Number of protein chains: 2
Amino acid sequence: MRRVTIHDVAEAAGVSLATVDRVMNGRPGVRKTTIEKVRQAAETLNYTPDVFAAGLAKKRLYRFHFLIPDGPNAFMEDLSREARSHAVTMSGARMHVHVEPIDAFDGHRVAGTLAMLDRSACDGVAVVAPAFPEVRAAIDRLQARGVPVVTLVSDHPASTRQHFVGIDNIAAGRTAGRLMGRFLPKAPATIGLIAGSLGLRDHSDRYAGCREVVERDFPHLKLLKVREGRDDNARNADLVKKMLAEHPDLAGFYNIGAGSRGMIAALQASGRSGDIVCIGHELTPHTREALMSDVLDAVIAQDPGHEIRSAIRVLKALCDGVPIIEGQERIRIDVFLKDNLPDISELPDLPG
Amino acid sequence: MRRVTIHDVAEAAGVSLATVDRVMNGRPGVRKTTIEKVRQAAETLNYTPDVFAAGLAKKRLYRFHFLIPDGPNAFMEDLSREARSHAVTMSGARMHVHVEPIDAFDGHRVAGTLAMLDRSACDGVAVVAPAFPEVRAAIDRLQARGVPVVTLVSDHPASTRQHFVGIDNIAAGRTAGRLMGRFLPKAPATIGLIAGSLGLRDHSDRYAGCREVVERDFPHLKLLKVREGRDDNARNADLVKKMLAEHPDLAGFYNIGAGSRGMIAALQASGRSGDIVCIGHELTPHTREALMSDVLDAVIAQDPGHEIRSAIRVLKALCDGVPIIEGQERIRIDVFLKDNLPDISELPDLPG
DNA sequence: GGAAAAATGAGCAACGCACCTCAGAAGATC
DNA sequence: GATCTTCTGAGGTGCGTTGCTCATTTTTCC
């Protein structure tokens with residue numbers, strides 16, 4: 001079972017290696033009938049180019065920049081850790097993955113960072129795009145300069161970015177809404193909602209999804225106005241405390257964004273966590289522990305490892321000009337209860 | 001930013017290319033101190049072998065056999081389709097993936113198929129292992145012949161198989177149990193359980209997990225004895241009809257195995273699907289539709305695409321003698337509600 | 001039929017590594 | 001210090017492409 005090589009194709013088509021090469025790589029100067037002959041031969045022999053040989057010969061180098069927020073956010077830390085970990089494992093595959101921390105709340109700085117990139121330094125960019133117009137403009141300019149851009153986790157749908165790597169946040173919100181509705185008894189009750197900011201696209205999408213489901217399928221539940229805690233634990237704790245005091249019939253909390261730790265702490269301190277259905281996002285040591293101790297009832301999550309790997313695959317496909325397999329690149333919405341938590345050992349090791 | 005090659009390592013270590021090669025490939029005849037020198041140089045230069053060049057030079061061929069049940073089981077069909085689809089896409093990476101249909105209910109035949117494989121024809125086997133002792137013995141013998149074996153979807157923990165690619169079925173059962181408990185009101189009720197056969201390991205594991213959670217956290221729910229429908233739609237429909245008749249307070253169904261279609265049909269026919277919480281396994285066109293029409297309340301699933309890709313990665317790692325990254329290979333338990341169903345377009349296309 | 005243009009053949013040098021041989025140097029042993 | 005053993009260096013070849021060049025053949029068109 002030897003591999004089929006271009007030699008075999010050349011022989012079968014009755015042409016030379018050079019011609020096969022011209023056809024395979026779309027180079028000019030081949031008659032249409034000859035092209036067809038070669039195509040036929042390749043088809044019947046079931047020829048597929050050897051990726052190793054091609055990779056070696058092309059001596060292409062993929063230099064990707066990942067712009068990921070830093071700061072005290074466990075999910076972003078995981079994302080960044082995964083990216084750095086892949087920088088190591090992929091370096092043998094001619095990929096240089098550079099992770100650049102950004103400040104998600106400073107649109108100017110992020111736009112500035114994007115503005116400094118160009119084709120000479122970078123073959124693709126993945127960015128957790130904060131929802132500032134200047135960021136969108138910077139993405140568009142970067143694309144115009146010929147550098148493919150994908151958005152990561154948080155999208156800018158109106159931009160020219162090639163692809164979005166992340167979950168369908170409307171569906172995530174719907175899922176949270178349904179779990180809330182079904183976990184609660186079928187009786188009138190009030191639900192508290194906390195977001196980082198409704199200016200963030202992922203947060204507003206989740207809210208829209210949750211609201212849609214609750215209003216349609218659980219009309220006995222009343223959603224309170226969304227409070228914005230800027231993903232800050234202290235602020236979120238404060239908000240939870242206030243809402244609990246103001247609404248004695250409060251039966252559920254949905255934290256749309258990060259900073260679940262603050263909500264968890266406040267709820268635990270209130271002593272009412274047993275009666276209150278509480279749903280948050282992202283699997284972190286804190287949400288994990290809160291699930292185990294029944295403070296949190298469900299966690300909606302996305303897998304940072306999958307997202308990084310998907311972003312790398314997509315950027316590579318864009319560089320190579322090959323189509324993206326949409327099915328493989330769709331990021332699943334993970335639903336975690338205390339019963340299906342993955343082992344902690346899943347975090348990748350980083351050398352040094 | 002040129003790649004670091006063995007030339008650089010050789011120079012840095014002050015030795016020749018041949019010596020670097022000896023060290024890198026564990027060939028004999030190098031002094032310990034020299035080995036250390038080379039290791040150091042490689043380390044400080046951050047050398048990683050070029051996978052393309054190495055792959056080309058090694059001219060290794062990976063021939064993997066996937067033994068997957070055929071028959072009218074949508075999940076197994078998906079699994080098989082994914083495997084065949086990867087047979088195409090991976091052929092450029094020197095991988096030959098051969099999909100062999102097996103009869104999961106005929107242990108002798110499966111064992112016979114395994115017995116016919118050896119190193120001369122095959123470098124690795126992934127098998128959906130039915131729980132027969134002769135299958136286990138055949139797996140052990142195949143391993144002894146030097147062919148690495150991984151089990152897929154359904155495990156044989158007592159065998160010498162190198163790895164299991166599939167979900168933690170106990171956790172899956174626990175998840176189903178908790179969803180059942182939380183979706184139902186906090187009142188005494190009866191739950192019907194259907195499995196393909198408790199002789200199948202995945203089914204018995206799921207049952208154990210479900211029972212554990214229900215008995216501990218929802219003691220007001222009474223689990224009926226598990227009925228075995230052999231994953232057959234007609235039989236399952238029959239079982240559901242009987243149980244509904246026998247138990248007027250029946251408030252939930254958990255179909256532990258395949259054949260959800262039968263359960264769905266019977267439930268729909270009974271006109272009681274609105275009051276009954278119903279949970280099944282695996283995402284198929286039927287379970288998908290049943291979720292949308294509120295007949296099914298939740299589906300616990302595993303992603304066949306992930307499983308095939310993971311099996312291929314693991315087999316390749318076993319062939320190369322490199323360690324398996326456990327974290328990347330853990331298969332997630334998917335929880336689907338009507339709100340987070342992935343698009344249908346995820347199915348891979350098969351040429352021809 | 002002849003000139004110009006287009007198509008094709010032949011061949012070569014990378015690419016980075018694996019794997020091999022053979023000669024020669026360094027080290028151990030007495 | 002001679003001998004034997006163990007290490008090491010130098011060099012070559014092959015892996016299947018890519019991406020050239022240059023010569024040669026075939027086709028096209030006037």
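Predicted model only: the values in this text are computed from it and were never measured. Hydrogens, waters and symmetry mates are skipped; everything else that's a heavy atom, side chains included, is used. Letters go in sequence order (proteins before strands), and every chain restarts at 1.
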Rounded distance in Å - [atom1] ([X]) to [atom2] ([N]):
{"X": "His7(A)", "N": "dC12(C)", "atom1": "NE2", "atom2": "P", "value": "13 Å"}
{"X": "Leu56(B)", "N": "dT18(D)", "atom1": "CG", "atom2": "P", "value": "12 Å"}
{"X": "Phe52(B)", "N": "dA18(C)", "atom1": "CZ", "atom2": "P", "value": "15 Å"}
{"X": "Arg94(A)", "N": "dT18(D)", "atom1": "CZ", "atom2": "C1'", "value": "12 Å"}
{"X": "Met24(A)", "N": "dT17(D)", "atom1": "CE", "atom2": "P", "value": "9 Å"}
{"X": "Arg27(A)", "N": "dC20(D)", "atom1": "CZ", "atom2": "P", "value": "7 Å"}
{"X": "Asp21(B)", "N": "dC7(D)", "atom1": "CG", "atom2": "P", "value": "17 Å"}
{"X": "Glu36(A)", "N": "dA7(C)", "atom1": "CD", "atom2": "P", "value": "16 Å"}

Regarding [X], tell me which of base, sugar-phosphate or nothing describes its non-hydrogen contacts under 4.0 Å with the strands shown.
{"X": "Gly14(B)", "result": "sugar-phosphate"}
{"X": "Arg60(A)", "result": "nothing"}
{"X": "Asp50(A)", "result": "sugar-phosphate"}

Respond yes when some side-chain nitrogen or oxygen of [X] is under 4.0 Å from OP1 or OP2 of [N], and no when none is.
{"X": "Tyr47(B)", "N": "dC17(C)", "answer": "yes"}
{"X": "Thr19(A)", "N": "dT8(C)", "answer": "no"}
{"X": "Ser16(A)", "N": "dT8(C)", "answer": "no"}

(message) Could you check whether the side chain of Arg22(A) and the base of dG9(C) have a donor-acceptor pair of N or O atoms closer than 3.5 Å, going by distance alone?
(response)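 It does, because a donor-acceptor pair links the side chain of Arg22(A) to the base of dG9(C) below 3.5 Å.
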(request) For Ala18(B) and for Val4(B), locate the closest nucleotide of DNA chain C by heavy-atom distance; then report the residue assigned to the nucleotide nearer the 5' terminus. (result)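 The answer here is Val4(B).
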Where is the tightest heavy-atom contact between [X] and [Y], given as atom of each residue plus distance?
{"X": "Asp334(B)", "Y": "Gln302(B)", "result": "OD2-C, 4.4 Å"}
{"X": "Glu82(A)", "Y": "Arg309(A)", "result": "OE1-NH1, 4.3 Å"}
{"X": "Arg136(A)", "Y": "Ser159(A)", "result": "CG-CB, 3.6 Å"}

(message) Could you check whether any side-chain N or O of Arg3(B) sits under 3.5 Å from a backbone N or O of Ser91(A), counting only pairs where one atom can act as donor and the other as acceptor?
(response)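 Yes, the answer is positive, given that a donor and an acceptor are paired below the 3.5 Å cut-off.
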(message) Please verify the inter-ring angle class for His98(A) with His65(A); under 30° counts as parallel, over 60° as perpendicular, anything in between as tilted.
(response)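 Ring orientation of His98(A) relative to His65(A): tilted.
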(message) Return whichever of Leu17(B) or Lys59(B) has its heavy-atom-nearest nucleotide of DNA chain D closer to the 5' end.
(response) Leu17(B)
(request) Hey, which sits more toward the 5' end of DNA chain D by its nearest nucleotide, Arg31(A) or Ile6(A)? (result)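 Going by which nucleotide is closer to the 5' end, it is Ile6(A).
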